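Each remark here refers to the structure printed beneath this line.
These numbers were taken from a predicted model, which means no experiment stands behind them. Note on naming: letters A, B, ... go to the chains in the order of the sequence lines (proteins, then strands), and numbering restarts at 1 for each one.
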Amino acid sequence: MWIDDADRIVRPGFNSRVHALVCQVPRGQVTTYGDVAAALGSPRVARQVGFALAALRDDDVPWQRVINAKGTISFRGDTDRGEHQRRLLEAEGVPFDAAGRVPLERLRFRAFTEVAG
DNA sequence: GGTTTGACCATAA
DNA sequence: CTTATGGCCAAAC
């Protein structure tokens with residue numbers, strides 16, 4: 001039901017699916033674009049996952065918990081959103097390395113692997 | 001319906 | 001460790 005009033009949000013199907021998985025990520029844990037994509041059934045659609053997150057509003061979906069496979073925060077070039085994401089994760093208890101990375105192996109959320117099979 | 005793009009990932013040097 | 005290249009799939013134009 002994410003923003004059904006919006007014009008171009010949650011309209012596409014894939015987009016909505018990504019949101020659903022991201023919402024399943026518990027607080028204090030993170031996931032990667034590739035994992036979310038794999039959960040959808042296609043580990044190659046990692047780019048689409050990011051694209052989907054870009055289309056949603058930070059109101060209802062914890063997109064902040066989605067980072068890249070290297071454990072670092074990805075952003076288009078606008079460090080504003082990147083810093084915002086980091087602060088949100090830190091507020092949830094997600095530690096950051098000196099290199100700006102998180103212990104992905106420790107906080108990686110694999111619950112939707114059951115969904116994939 | 002073809003072309004362009006994209007918050008990525010894996011591999012090679 | 002960094003830099004460069006291919007690919008994959010869906011959304012937007």
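- Distance A/His84 NE2 to B/dA7 C1': 14 Å, rounded to the nearest Å.
- Between A/Tyr33 atom OH and B/dA10 atom P there is a gap of 14 Å when expressed in whole angstrom units.
- The distance between atom NE2 of A/His19 and atom P of C/dA11, rounded to the nearest whole Å, is 11 Å.
- Whole-Å rounding puts the A/Arg44 CZ to C/dC9 C1' distance at 11 Å.
- The CZ-C1' distance, from A/Arg108 to B/dC9, rounds to 12 Å in whole Å.
- No donor-acceptor contact under 3.5 Å links the side chain of A/Arg47 to the base of B/dA7.
- A search for side chain to side chain donor-acceptor pair (under 3.5 Å) contacts involving A/Glu90 returns A/Arg86, not counting sequence neighbours.
- In terms of the side chain to side chain contact (heavy atoms under 4.5 Å, CB included) criterion, residue partners of A/Arg106 (sequence neighbours excluded) are, by chain and number, A/Pro95, A/Pro103.
- Checking B/dA7, C/dA10, B/dC9 against the side-chain heavy atoms of A/Phe14 singles out C/dA10 as nearest.
- Of all heavy-atom pairs between A/Asn68 and A/Thr32, the closest is O-CG2, 3.6 Å.
- Across residues 64-73 of chain A, A/Asn68, A/Ala69 each have a non-hydrogen atom less than 4.0 Å from an atom of DNA chain B (numbered order).
- Across the protein-nucleic acid pair, A/Phe51 atom CZ and B/dA7 atom P stand 8 Å apart, rounded to whole Å.
- Close to B/dC8, at under 4.0 Å from its OP1 or OP2, lies a side-chain N or O of A/Ser74.
- Pairs passing the salt bridge (charged side-chain N to carboxylate O under 4.0 Å, His left out) check and including a residue from residues 25-43 of chain A, sequence neighbours excluded, read A/Asp35-A/Arg108.
- Taking atom CZ of residue A/Arg86 and atom C1' of nucleotide B/dA7, one finds them 17 Å apart after rounding to whole Å.
- Considering only residues two or more places apart in sequence or on other chains, A/Gln29 meets the side chain to side chain donor-acceptor pair (under 3.5 Å) condition with none of them.
- Taking the side chain to side chain contact (heavy atoms under 4.5 Å, CB included) definition, one finds that A/Arg44 meets it with nothing, sequence neighbours left out.
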